[in-house]
Amino acid sequence: MARKPAQKDATAFTPPPSPQREVRRAQVDISFDNQSLLGPLFGQFDANLVQVENRLGVFIAARGNELHIEGPEDSVARARDVLKAMYDKLAIGQDLDQGAIEALIAMSDEPTLDGIVDAEPKGPPIMIRTRRKTIVPRSAMQAVYMRSLVRDDIIFALGPAGTGKTYLAVAQAVSQLISGSVQRLILSRPAVEAGEKLGFLPGDMKEKVDPYLRPLYDALYDCMPPEQVERRLASGEIEIAPIAFMRGRTLADAFVILDEAQNTTREQMKMFLTRFGQNSRMVICGDPRQVDIPGGDGMSGLADAVGKLEGVEGFGTIRFTAADVVRHPIVGRIVEAYEGPSA
């Protein structure tokens, strides 16, 4: 005997199917006046245009000094802004490489894109000038950080690797040293993560600590000619030393940078902060999630100092995230994977 069909429950509610969101498509043409900039704008074999196409999901066709962009409406608008920003960078003599384009693409989703790429709405361009290059922000948070570097006495720069925390601090320090607004540049970091136990390493003290300070040297050489770095190191204008060497000093007329600060103890951090002298600036860089000293972040001098001093007059706190990573895009995805909810 055939089974009767089940009776429909009159009290049950079946939600209507969700309507598919219609993706509005658009197309736009943009033109550029200076044809001599079209080569570096497009890139070799149009590599720069392909990068924008792949990242934003649009189609770009070059027609003389014009570009035709097609795709989803939001993506077309972002691509237009990115290409204009790329052209503007070239027009004022700035470099345009894969990293710079990636940064502009990342910033294209920010409402302050124009202010970051060109100039602040009611102020001069945001940049740091050194002997070797002019540095501009590559993320929205970098722009905030660069403003803090010229405004605040002591700055905490927190966040993952690759966000430019230390590099921008060194660049600003070099700029101020060259201009004469400070007399010394002092770069420091914990030499060995777990207690600075250097005795087992071969060589004299400089040979023991140099490997741990190499990222600071790299940033210096990127901002100054090597011969100037060596001359200023020899004269003492630039000093690179482990944090233990800061004890008992007063650091006046100096730009002082502490890197890898999450690996300081509370006592070390208090000692370092109290070295602050007249006409000085301190930048303290670190990633609170990467504490290597025994006891975890409960023992970190960086977390303790931020908790005590954030909001105090004269202090600035900048928090970077994986979205601010300005290295290869995959680095940002790696950081997100390790810092996700399940991490």
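In this chain, numbering begins with 1 at the start of the sequence shown.
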Distance check, rounded to the nearest 0.5 Å: [X] atom [atom1] versus [Y] atom [atom2]?
X: Glu53; Y: Ser75; atom1: CD; atom2: OG; value: 12.0 Å
X: Glu260; Y: Arg189; atom1: CD; atom2: CZ; value: 4.5 Å
X: Met269; Y: Asn263; atom1: CE; atom2: CG; value: 10.0 Å
X: Asn279; Y: Asp253; atom1: CG; atom2: CG; value: 4.5 Å
X: Arg247; Y: Glu267; atom1: CZ; atom2: CD; value: 9.0 Å
X: Ser175; Y: Leu168; atom1: OG; atom2: CG; value: 12.0 Å

With sequence neighbours excluded, what pairs up with [X] under the salt bridge (Lys or Arg N to Asp or Glu O under 4.0 Å) test?
X: Arg184; result: none
X: Arg25; result: none
X: Glu66; result: none

Does the [X] side chain pair with the main chain of [Y], one donor and one acceptor, at a distance under 3.5 Å?
X: Ser188; Y: Leu258; answer: no
X: Lys89; Y: Leu96; answer: no
X: Lys165; Y: Ile284; answer: no
X: Gln262; Y: Asp287; answer: yes
X: Asp324; Y: Thr321; answer: yes
X: Gln142; Y: Thr163; answer: yes
X: Tyr217; Y: Ile240; answer: no

Which heavy-atom pair separates [X] from [Y] by the least distance, and what is that distance?
X: Leu185; Y: Ile257; result: CD1-CD1, 4.4 Å
X: Ile243; Y: Thr264; result: CD1-CG2, 3.8 Å
X: Ser300; Y: Arg266; result: O-CG, 4.4 Å
X: Val325; Y: Ala161; result: CG2-O, 3.8 Å
X: Ala169; Y: Val283; result: CB-CG1, 3.8 Å
X: Leu83; Y: Leu41; result: O-CD1, 4.0 Å

- request: Return the set of residues passing side-chain contact (heavy atoms from CB on, under 4.5 Å) with Glu310 (not counting sequence neighbours), or none when no residue passes.
  value: Val306, Thr317, Arg319
- prompt: Listed by chain and number, what are the side-chain contact (heavy atoms from CB on, under 4.5 Å) partners of Ala62, not counting sequence neighbours?
  reply: Phe42, Leu67
task: Check the pair Glu102, Gln51 against side-chain contact (heavy atoms from CB on, under 4.5 Å), reporting the backbone distance first and the verdict last.
output: CA-CA 8 Å; Glu102 190 63 37; Gln51 183 179 353; 3.5 Å; yes
Can you name the residues that form a side-chain hydrogen bond (donor to acceptor under 3.5 Å, both in side chains) with [X], not counting sequence neighbours?
X: Glu230; value: Tyr221
X: Ser148; value: Asp152
X: Gln176; value: Gln172, Ser181, Arg281
X: Tyr167; value: Lys133, Asp222

Show which side-chain atoms of residues 26-33 pair as donor or acceptor with protein atoms under 3.5 Å away, not counting sequence neighbours.
from: Gln27; atom 1: OE1; to: His68; atom 2: NE2; distance (Å): 3.2
from: Asp29; atom 1: OD1; to: His68; atom 2: ND1; distance (Å): 2.6

Decide yes or no for [X] and [Y]: does some side-chain heavy atom of the first lie under 4.5 Å from some side-chain heavy atom of the second?
X: Val174; Y: Ile128; result: no
X: Glu239; Y: Met246; result: yes
X: Asp259; Y: Leu187; result: no

field: Same cluster (ILVMFWY, side-chain, under 4.5 Å), Phe45 and Val50
entry: no
message: Applying side-chain contact (heavy atoms from CB on, under 4.5 Å) to Asn48 and Met86, what does each step give before you reach the verdict?
response: CA-CA 10 Å; Asn48 295 346; Met86 290 164 58; 3.9 Å; yes
field: Audit row: Val52, Ile69, side-chain contact (heavy atoms from CB on, under 4.5 Å) steps and yes/no
entry: CA-CA 11 Å; Val52 176; Ile69 312 170; over 6 Å; no
side-chain hydrogen bond (donor to acceptor under 3.5 Å, both in side chains) partner of Glu237, the single match among Gln183, Gln228, Arg232: Arg232
- prompt: By ring pair (Phe, Tyr, Trp, His ring centres under 6.0 Å), which residues pair with Phe255, not counting sequence neighbours?
  reply: none
Side-chain donor/acceptor pairs under 3.5 Å, residues 270-277, sequence neighbours excluded:
from: Thr274; atom 1: OG1; to: Lys270; atom 2: O; distance (Å): 2.9
from: Thr274; atom 1: OG1; to: Met271; atom 2: O; distance (Å): 2.9
from: Arg275; atom 1: NE; to: Met271; atom 2: O; distance (Å): 2.7
from: Arg275; atom 1: NH1; to: Arg249; atom 2: O; distance (Å): 2.9

query: So with a 6.0 Å cut-off around CD of Glu227, is the heavy-atom count from everything else above 12?
result: yes
message: side-chain contact (heavy atoms from CB on, under 4.5 Å) for Met224 and Ile238? Distances and angles first, verdict last.
response: CA-CA 12 Å; Met224 297 180 73; Ile238 299 177; 4.1 Å; yes
